[in-house]
Visitor: 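Submitted below is the structure of interest, expressed as structure tokens.
Here is how names work: the chains are called A, B, and so on, in the same order as the sequence lines, proteins then strands, and each is numbered from 1.
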There are 2 protein chains.
Amino acid sequence: MKSKITLKELAKLLNVSVSTVSKALHDSPEISPKTAERVKELAKLHNYRPNPVAVNLKKSKTGTIGVVIPNISNSFFARVLSGMEAEAQKHDQQVITYISNESLEREKQICDLLTSGMVDGVLIAVSEETQKKQAYDHLYALLDYDIPVVIYDRINLGLPADKIGVDDEKSFYEATQFFRTKGLHKVGLASAIHHVGIGQLRIKGYEQAMQDEENLHTVTSTKPVDLKSKIRNLIVSEKIEALLCTDFESAILATRVAYEENIKIPEDLKLIGYISREVAQYLTPSLSYIEQHPQELGIKAVEILNNRLDGKYKTGEFEEKIVSTTLVHLESTGF
Amino acid sequence: MKSKITLKELAKLLNVSVSTVSKALHDSPEISPKTAERVKELAKLHNYRPNPVAVNLKKSKTGTIGVVIPNISNSFFARVLSGMEAEAQKHDQQVITYISNESLEREKQICDLLTSGMVDGVLIAVSEETQKKQAYDHLYALLDYDIPVVIYDRINLGLPADKIGVDDEKSFYEATQFFRTKGLHKVGLASAIHHVGIGQLRIKGYEQAMQDEENLHTVTSTKPVDLKSKIRNLIVSEKIEALLCTDFESAILATRVAYEENIKIPEDLKLIGYISREVAQYLTPSLSYIEQHPQELGIKAVEILNNRLDGKYKTGEFEEKIVSTTLVHLESTGF
DNA sequence: CTGAAAGCGCTTACAG
DNA sequence: CTGAAAGCGCTTACAG
């Protein structure tokens with residue numbers, strides 16, 4: 001039970017002033033080596049640690065950054081968080097985590113909390129509901145404050161802030177092209193997130209790559225049952241040769257349909273999904289996927305935030321960075 | 001750009017003292033209704049929010065709790081975190097997240113940070129490496145401080161602290177019994193975490209339930225290749241009828257082996273895994289699993305911590321709670 | 001009912 | 001080289 005010792009108590013024990021102790025511990029050149037040593041020795045003995053709350057008050061900052069995560073069960077975001085935490089550590093910042101659960105209401109509450117000055121900066125991925133309803137008022141309110149905001153992952157919402165995202169459009173363009181160069185032309189796309197920004201970008205990438213094909217084979221729905229039957233149609237009736245899935249749900253449904261219909265992957269159907277490595281490698285067959293490098297995204301998000309905090313960017317001008325994706329081949333593409 | 005207004009500025013604008021403003025905003029009965037109203041009006045107009053750092057300094061607390069997570073990609077822990085965040089919110093506490101990545105070194109650093117008074121309390125699941133090396137000094141150091149610690153999930157390490165865990169032993173006892181009541185007696189167990197506390201408890205549960213059987217069928221290894229071949233042996237040569245897996249890795253390997261050996265699940269082999277719902281339901285076939293209710297565990301962990309902070313427990317006596325598990329049947333058990 | 005003062009634990013410009 | 005003072009933004013016991 002070493003209850004925390006303060007500067008004042010240390011000063012009294014040493015018979016010097018509080019200022020002297022503080023300076024000594026900060027290696028101020030004002031202090032004589034002899035005194036400095038005495039002070040440090042006693043500080044060590046008592047395991048003195050400056051009270052971070054007091055230091056922060058004095059320095060008018062909080063030493064923390066706030067991270068808003070839409071869905072922590074999604075291992076993409078879990079790994080983004082892991083990157084953020086690692087990078088924040090390097091800057092001696094603590095990461096305060098807020099989970100919006102893809103809920104607009106919750107996101108509003110969180111933004112409200114954030115404006116009270118709990119944190120020096122905010123990293124946020126906007127919730128699905130917010131995007132669907134295009135209700136961005138609370139975000140503009142947050143931006144209106146002096147608090148720096150970096151939007152990560154879900155970036156194409158037109159908000160005036162620094163951004164770091166994934167190259168969604170290009171990744172799907174390339175994945176589609178990949179199939180075509182392999183001689184497959186009946187390439188389909190399934191999506192359960194066609195209503196949110198990143199989904200739209202992925203679909204756009206696919207359409208770009210398919211523009212000289214006669215038919216697109218796109219199916220979308222937010223209802224699993226619906227989407228499943230549409231996918232079944234794509235596979236069984238339209239007999240597509242390859243399928244791109246924009247998200248976890250559509251990828252799983254496609255795998256399921258193939259299993260149920262006895263369609264062999266990758267022999268009869270090739271599959272690429274936009275899912276995380278954690279899951280991809282353990283599906284049967286394992287699913288070729290687009291690696292988004294979430295850890296790196298998290299690291300860069302914190303870098304951008306700190307650049308902003310350090311005044312390295314001009315006010316009114318916003319940084320926008322993109323992390324490139326990698327197509328990782330597992331069993332479902334057979335290459 | 002509404003830069004933050006302070007009590008002092010508010011006081012000046014109103015021509016009253018800082019104390020009056022502060023009291024008015026706290027609905028102190030000392031203040032006349034008229035003044036109170038004036039103050040609140042202006043505060044609202046300027047969107048006044050008390051500086052949380054200053055409030056905390058005054059109250060000698062931090063308003064935050066620290067959560068140490070061994071592996072955030074494990075959706076069990078992700079969901080625990082989600083429960084913690086939700087419950088902390090109710091107590092107006094912020095959650096600071098630290099990720100140890102199952103590393104002893106990192107865990108030491110984190111504990112060191114934590115002792116500096118960044119947080120009012122700590123929730124920790126001890127890293128695998130720490131358990132393997134039984135290096136608990138940094139944890140004792142943390143406990144030696146006045147800072148309350150709740151150990152969650154990985155609790156049977158003999159550390160003197162409040163604890164909240166999962167009923168590991170009982171869950172496997174019951175799962176084993178379940179198979180036996182169904183007439184299956186050649187029940188095996190595979191584990192890649194036999195060296196850590198929770199793994200040992202699960203194995204113990206299995207052994208308890210199997211004590212009147214002639215043979216146990218236990219295979220363990222931390223090396224995937226090794227474990228896989230041992231599992232293959234269990235399935236192919238020993239022809240077990242059912243298999244319990246203590247962890248994600250062994251469950252996946254078992255599914256893989258069955259797939260490769262053309263063993264039908266659940267017809268030829270029944271499988272139960274200790275994995276999270278997220279993954280279980282999407283495997284092919286979907287895997288019956290033991291639901292640990294991570295969210296609830298997270299909520300209770302924060303409740304215990306706050307009881308401790310509120311002095312509801314006696315010093316020297318420790319709380320220990322257990323969250324019951326549920327066996328969830330999906331395709332792999334066929335019931 | 002209002003305000004001056006002390007204090008939470010620190011840092012730092014200033015005086016000696 | 002050392003220390004007294006002011007101040008970060010708040011709360012609250014005390015005096016008036």
Visitor: Whether the side chain of B:E107 engages the backbone of B:S127 through a donor-acceptor N/O pair (distance < 3.5 Å, no angle test) should be reported.
Guide: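 Yes, B:E107 side chain to B:S127 backbone: donor-acceptor pair under 3.5 Å.
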Visitor: Counting only side-chain N and O atoms of A:S19, is one of them less than 4.0 Å from OP1 or OP2 of D:dG3?
Guide: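 For A:S19, the contact criterion (side-chain N or O under 4.0 Å from OP1 or OP2 of D:dG3) is not met.
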Visitor: Looking only at atom types and distance, does a side-chain atom of B:T62 sit under 3.5 Å from a main-chain N or O of B:D120, one as donor and one as acceptor?
Guide: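 A pair under 3.5 Å: yes.
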Visitor: State which of D:dG3, D:dT12, C:dC10 makes the closest approach to the side chain of A:Y48.
Guide: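 So the side chain of A:Y48 is nearest to C:dC10.
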Visitor: Is it true that B:K40 and B:D27 make a salt bridge, defined as a side-chain N closer than 4.0 Å to a carboxylate O?
Guide: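 Here B:K40 pairs with B:D27 in a salt bridge, since their nearest N and O are under 4.0 Å apart.
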Visitor: Figure out the NZ/P separation between B:K59 and D:dA13, and round it to whole Å.
Guide: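 Nearest whole value for this atom pair: 12 Å.
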Visitor: Round to the nearest Å and state the distance from A:L57 atom CG to C:dC8 atom P.
Guide: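 Going from A:L57 (CG) to C:dC8 (P), I get 13 Å.
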Visitor: Nearest to the side chain of A:K23, which nucleotide is it out of C:dA13, C:dT11, D:dC10?
Guide: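 Closest nucleotide to the A:K23 side chain: C:dA13.
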Visitor: Indicate whether any N or O donor in one side chain lies under 3.5 Å from an N or O acceptor in the other, for A:N306 and A:Q93.
Guide: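 There is such a pair between these side chains.
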Visitor: Check DNA chain D against residues 25-38 of chain B and give the residues with a non-hydrogen atom under 4.0 Å, in numerical order.
Guide: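 Heavy-atom cutoff 4.0 Å gives B:H26, B:E30.
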Visitor: Rounded off to whole Å, could you give me the NZ-to-P distance for the A:K61 and C:dC10 pair?
Guide: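 Atom NZ in A:K61 sits about 15 Å away from atom P in C:dC10.
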Visitor: Applying salt bridge (Lys or Arg N to Asp or Glu O under 4.0 Å), which residue pairs with at least one partner in residues 64-84 of chain A are found, sequence neighbours left out?
Guide: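 Checked against salt bridge (Lys or Arg N to Asp or Glu O under 4.0 Å) - neighbours excluded - the pairs reaching residues 64-84 of chain A are A:R79-A:E278.
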Visitor: Which of residues 7-14 of chain A sit near DNA chain C, with a heavy atom under 4.0 Å from it?
Guide: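 Only A:L7, A:K8 qualify.
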Visitor: Would you say the base of C:dG9 and the side-chain of A:K58 have a donor-acceptor pair closer than 3.5 Å?
Guide: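 Check fails, no donor-acceptor contact within cut-off.
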Visitor: Describe the nucleic acid contact of A:V18 in one word from base, sugar-phosphate, nothing, applying a heavy-atom distance below 4.0 Å.
Guide: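 Here A:V18 touches the bases of the nucleic acid.
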Visitor: Check side-chain hydrogen bond (donor to acceptor under 3.5 Å, both in side chains) between A:K61 and all other residues, then give those that pass, not counting sequence neighbours.
Guide: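 For A:K61 there are no side-chain hydrogen bond (donor to acceptor under 3.5 Å, both in side chains) partners, ignoring immediate neighbours.
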Visitor: Specify the separation, in whole Å, of atom CE of A:M118 and atom P of D:dC10.
Guide: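 That distance rounds to 13 Å.
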Visitor: Return one dot-bracket line describing DNA chain D 5' to 3' (Watson-Crick or G-U wobble pairs, both distances under 3.5 Å; ( ) same strand, [ ] crossing, | another strand, . none).
Guide: |||.||||||||.|||
Visitor: Taking A:S75 for its side chain and B:S75 for its backbone only, find out whether a donor-acceptor pair lies under 3.5 Å.
Guide: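 Checking the backbone N and O of B:S75 against the side chain of A:S75, no donor-acceptor pair under 3.5 Å is found.
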Visitor: Counting the atoms with a prime plus P, OP1 and OP2 as sugar-phosphate, which does B:T6 contact under 4.0 Å by heavy atoms, base, sugar-phosphate, or nothing?
Guide: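 It contacts sugar-phosphate atoms only.
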Visitor: Taking the same atom, P, in D:dG7 and in C:dA4, what whole-Å distance lies between them?
Guide: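 Rounded to whole Å, the distance is 16 Å.
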Visitor: Does any N or O in the side chain of A:Q131 come within less than 3.5 Å of the main-chain N or O of A:G197, such that one atom is a donor and the other an acceptor?
Guide: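 Flag set: sc A:Q131 to bb A:G197 pair under 3.5 Å.
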Visitor: When you measure from the side-chain N and O atoms of A:T20 to the phosphate of D:dT2, is any distance below 4.0 Å, counting only OP1 and OP2?
Guide: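 It does not, given that no N or O in the side chain of A:T20 lies less than 4.0 Å from OP1 or OP2 of D:dT2.
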Visitor: Between C:dC8 atom C1' and B:N56 atom CG, what is the distance in whole Å?
Guide: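 Whole-Å distance recorded here is 11 Å.
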Visitor: Are the charged groups of B:K133 and B:E105 less than 4.0 angstrom apart, N to O?
Guide: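 Salt bridge flag = no for B:E105 with B:K133.
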Visitor: So does A:E129 pair up with A:K132, basic N to acidic O under 4.0 Å?
Guide: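 Between A:K132 and A:E129 there is no salt bridge, as every charged N stays at least 4.0 Å from the carboxylate O atoms.
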Visitor: Tell me, please, which residues at least two apart from B:N307 pass side-chain contact (heavy atoms from CB on, under 4.5 Å).
Guide: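 Counting only residues at least two positions away or on another chain, B:N307 forms a side-chain contact (heavy atoms from CB on, under 4.5 Å) with B:K312, B:Y313.
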Visitor: Using a strict cut-off of less than 4.0 Å between a Lys/Arg side-chain nitrogen and an Asp/Glu carboxylate oxygen, indicate whether A:R49 and B:D112 qualify as a salt bridge.
Guide: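 Answer for the salt bridge query: yes.
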